[in-house]
*Asks:* 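There's a structure below that I have some questions on.
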There are 2 protein chains.
Amino acid sequence: MRYQKTHKDDTRRRVLEVASRNFRQNGLVGTGVATIMADAGLTNGAFFTHFRSKEALIEEVFESASDIGYQGLVEAGTAGGIEAIVRRYMRPEHRDHPERGCPAAALGPEVARHSPATRAAFTRKFQRMVDLINSHLPSPNESRAQAIFGTLIGAMQLARSVSDPALSDQLLNSGIEAGIVLARA
Amino acid sequence: MRYQKTHKDDTRRRVLEVASRNFRQNGLVGTGVATIMADAGLTNGAFFTHFRSKEALIEEVFESASDIGYQGLVEAGTAGGIEAIVRRYMRPEHRDHPERGCPAAALGPEVARHSPATRAAFTRKFQRMVDLINSHLPSPNESRAQAIFGTLIGAMQLARSVSDPALSDQLLNSGIEAGIVLARA
DNA sequence: TGTACATCAGTGAACGCGCGTTCACTGATGTAC
DNA sequence: TGTACATCAGTGAACGCGCGTTCACTGATGTAC
């Protein structure tokens, strides 16, 4: 072999990370295979030695792309409970950098249009997030944890969509308040 | 003139309605001009006698497409207050027919990627919805109304994205419960 | 009343471009002898 | 140790296709005389 044993796996992982970032930035339909490969330092042809198709890549992104944002939320929860999780999620930095943030907030409606396999992978990530929230509720309540996640996603999307910066900041705060109310009620 | 005076305006309105439906169904990037025109019973060339560009169409859709879903929520609010609004929004029919439903739930993250003019038009529709919710709160509270709207959007998107139908139904209920809690707290 | 011309919403072919995907090829390295 | 061959990740041109957009044209009707 003319490459290290780990070389192909390394490349594959790199493509997954780049794809995950680009998808969150420009959408699933808005991101092309050639762009992903160029950003990973390769040419388009190599893509299909790693993945069967673009749809297969999308599925794998939801299954396995490493999730720095999620780790930060785990740490916030350990340090400051549910309120810290909510505050961390609703940070201006998160609003301003969807490419490093929550896939549900960046891609929600697009996931709904994709294959069952992709939606199943998304569901697993969703459940992990609900479990994290639930584990920090004063009295655990799956339904409530789901709703809190929904509130975070919705408020974050609105903060990103609205054209008035002051209103956008206010939406982040509205999301924080509501998240805390829901956690306590 | 070989057409009625109203003819061109009628066509224009029809294209806007078809576009609005198709956008919510397949996304802004996922919907082509030729498809919209074919669904409106015309050929692609006619598009540019009505709109400067696809981006201009998108902007106008957010500005002016008639909103049957919104009217239904107004009536629900009049009849049954905030709880009826929340229940109506979170209906399974809404989840299963994004093409007839809330643009924010169907297109949120895509709007965030579009032109300032499009986002400004979106902001106006957003504000109208927040006002409706706020007018039915026991004690009016803009921030709370914003958060309730966020909760509805987020919960609806999750219900549409998740692959397990039972979980999807549960998410609709979680959204209803949370909406009511937020309205009362 | 009948003919010539102006109007203009809509037609449909064509434009360059980027998409996802295929494929013959390259070239660096490891293995066999 | 030196040469011939096998391996295979990656290259880059090419495929058909649909995209947004342009444009010369059509044809039904209204107006002028």
*Asks:* Separation of B/Arg12 atom CZ from C/dC8 atom P, in whole Å?
*Replies:* 17 Å
*Asks:* In whole angstrom, give the distance that lies between atom CG of A/Asn22 and atom C1' of C/dC19.
*Replies:* 15 Å
*Asks:* Take atom NZ of A/Lys8 and atom C1' of D/dT7, then tell me their distance rounded to the nearest Å.
*Replies:* 12 Å
*Asks:* Nearest whole angstrom, please: distance from the P of D/dC19 to the CG of B/Leu57.
*Replies:*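 One finds 14 Å between P of D/dC19 and CG of B/Leu57, rounded.
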*Asks:* Just by distance, no angles: are the side chains of A/Glu177 and A/Asn173 close enough, under 3.5 Å, to form a donor-acceptor pair?
*Replies:* no
*Asks:* How close or far is atom P of D/dT22 from atom NZ of B/Lys54, stated in whole angstroms?
*Replies:*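 The distance from NZ of B/Lys54 to P of D/dT22 comes to 15 Å, rounded to the nearest Å.
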*Asks:* Just jot down the salt bridge (charged side-chain N to carboxylate O under 4.0 Å, His left out) partners of A/Arg12, sequence neighbours excluded, or say none.
*Replies:*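 Scan of A/Arg12 (salt bridge (charged side-chain N to carboxylate O under 4.0 Å, His left out), adjacent residues dropped) gives A/Glu60.
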*Asks:* To the closest 0.5 Å, what do you measure between NZ (A/Lys54) and CZ (A/Phe23)?
*Replies:* 5.5 Å
*Asks:* Indicate whether any N or O donor in one side chain lies under 3.5 Å from an N or O acceptor in the other, for A/Glu142 and A/Gln127.
*Replies:* yes
*Asks:* Short of 4.0 Å, heavy atom to strand atom, which residues of residues 42-52 of chain A count as contacting DNA chain C?
*Replies:* A/Asn44, A/Gly45, A/Phe48
*Asks:* In terms of side-chain geometry, is the basic nitrogen of B/Asp39 or B/Arg21 positioned less than 4.0 Å from the acidic oxygen of its partner?
*Replies:*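 No.
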*Asks:* Passes salt bridge (Lys or Arg N to Asp or Glu O under 4.0 Å), B/Arg128 versus B/Asp131? Steps please.
*Replies:* CA-CA 5 Å; B/Arg128 196 181 56 158; B/Asp131 290 345; over 6 Å; no
*Asks:* So what stems show up for DNA chain D if we need 3 or more Watson-Crick or G-U pairs in a row, all under 3.5 Å?
*Replies:*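 As far as DNA chain D goes, consecutive pairing (with distances under 3.5 Å) yields the stems C:2-33 with D:2-33.
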*Asks:* May I ask you to say whether A/Lys125 pairs ionically with A/Glu63, meaning some side-chain N is under 4.0 Å from a carboxylate O?
*Replies:* no
*Asks:* Taking the basic N atoms (NZ, or NE/NH1/NH2) and the acidic carboxylate oxygens, is any pair closer than 4.0 Å for B/Glu83 and B/Arg184?
*Replies:*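 So B/Glu83 pairs with B/Arg184 through a salt bridge.
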*Asks:* Hey, is the side chain of B/Thr11 poking within less than 4.0 Å of OP1 or OP2 on C/dG10, counting only N and O atoms?
*Replies:* yes
*Asks:* CZ of B/Arg13 versus P of C/dA9: gap in Å, rounded?
*Replies:* 15 Å
*Asks:* Can you tell which of B/His94, B/Arg95, B/Glu99 makes a side-chain hydrogen bond (donor to acceptor under 3.5 Å, both in side chains) with B/His97?
*Replies:*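 Among B/His94, B/Arg95, B/Glu99, the one that satisfies the side-chain hydrogen bond (donor to acceptor under 3.5 Å, both in side chains) with B/His97 is B/Glu99.
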*Asks:* Round to a whole Å and report the spacing from CE of A/Met37 to P of C/dG18.
*Replies:*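 Result: 19 Å.
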